[in-house]
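Just so it is clear, the values below take in all heavy atoms, side chains as well, and ignore hydrogens, waters and symmetry mates.
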Amino acid sequence: MDAKRSPQLLIEGKGLTKSFGGLVAVRDVDFHLFEGEIVGLIGPNGAGKTTLFNLVTGVFHPDKGTLVFDGHDIRLRKPFEICRMGIARTFQIVRPFLKMTCLENTWVGTLGRGQGEGTKEDRKEEARSLLRLVGLERREGALASQLTLIEKKRLEMARALATKPRLLLLDEVLAGLNPSEILQALDLIEMIRTKVKVTIFWIEHVMGAIMKACDRIIVLDQGRKIKEGPPEEVVLDRKVIDAYLGKG
């Protein structure tokens with residue numbers, strides 16, 4: 001972030017709680033992101049990370065708490081409304097349209113903004129520009145089904161960016177990648193932050209990568225936030241170590 005000016009608060013959740021029957025998936029969670037940050041969201045399996053993402057994107061509505069994006073209450077907004085307000089996401093399991101080309105997949109993402117912006121050809125050229133950004137310019141005519149895993153992940157990023165988000169939620173984009181591909185993905189994420197000017201909220205289990213890339217880390221365990229702070233502080237916290245490794 002630019003240290004010369006005060007950071008602007010982009011999104012803030014307070015006291016967020018979500019239950020499914022008798023299971024409390026997220027319990028009284030507070031979080032915030034300033035514009036230009038990369039904030040990691042970590043925790044063991046079942047900690048509530050994806051549920052929190054689903055609250056932010058309108059898949060679920062919180063039982064309690066407040067959720068404000070760019071000054072607007074989004075607690076009860078539908079997913080397409082939240083997308084048009086400027087929040088996009090990727091998924092842990094990539095979901096491209098397999099029988100469509102890379103260009104068509106990315107062009108579809110522009111439709112998430114509604115119909116009133118630009119011609120069809122304008123949007124296709126925009127899609128081509130995003131494919132260049134993520135390194136898929138030579139694959140625009142290839143079917144999504146023909147892509148490697150890392151190419152599918154890059155395509156999903158391009159499709160999300162086609163909605164012109166201010167906040168991008170990444171869900172385990174490094175899963176299944178080899179060390180070389182992880183380094184490429186980290187470079188791309190930093191490029192999205194700096195060149196496209198997108199704030200990033202990121203779930204990840206590759207600890208070395210997320211500790212290197214993030215400004216702050218939020219840790220969930222059993223639905224509760226147990227720690228928040230800079231990576232070097234979080235990684236040494238006893239509660240975090242116990243959550244991942246068990247109490248010794």
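No more than 12 heavy atoms of other residues, nucleotides or ligands lie within 6.0 Å of CD1 in I93, so this atom counts as exposed by the packing criterion.
Closest approach of L161 to L168, counting heavy atoms only: CD2-CD2, 4.2 Å. Closest heavy-atom contact between W107 and T110: O-OG1, 2.6 Å. The shortest heavy-atom contact between T66 and L16 is O-CD2, 3.5 Å. When all heavy atoms of D215 and P231 are compared, the closest pair comes out as O-CD, 3.6 Å.
The residues K153 and E156 are annotated as not salt-bridged, no charged nitrogen and carboxylate oxygen being separated by less than 4.0 angstrom. Salt bridge present: R166 and D70 bring a charged side-chain N and a carboxylate O closer than 4.0 Å.
Hydrophobic clustering (side-chain heavy atoms under 4.5 Å, transitive across Ile, Leu, Val, Met, Phe, Trp, Tyr) groups I38 together with M157.
Scored by the side chain to side chain contact (heavy atoms under 4.5 Å, CB included) test, A209 finds L174, I182, L186, V206 as partners (sequence neighbours excluded). For V235, the side chain to side chain contact (heavy atoms under 4.5 Å, CB included) test picks out M211, with sequence neighbours left out. A search for side chain to side chain contact (heavy atoms under 4.5 Å, CB included) contacts involving K78 returns F80, E81, not counting sequence neighbours.
Judged by the 6.0 Å and 45° rule, K18 forms a cation-pi pair with F20.
Considering only heavy atoms from C-beta on, E137 stays 4.5 Å or farther from R128 through its side chain.
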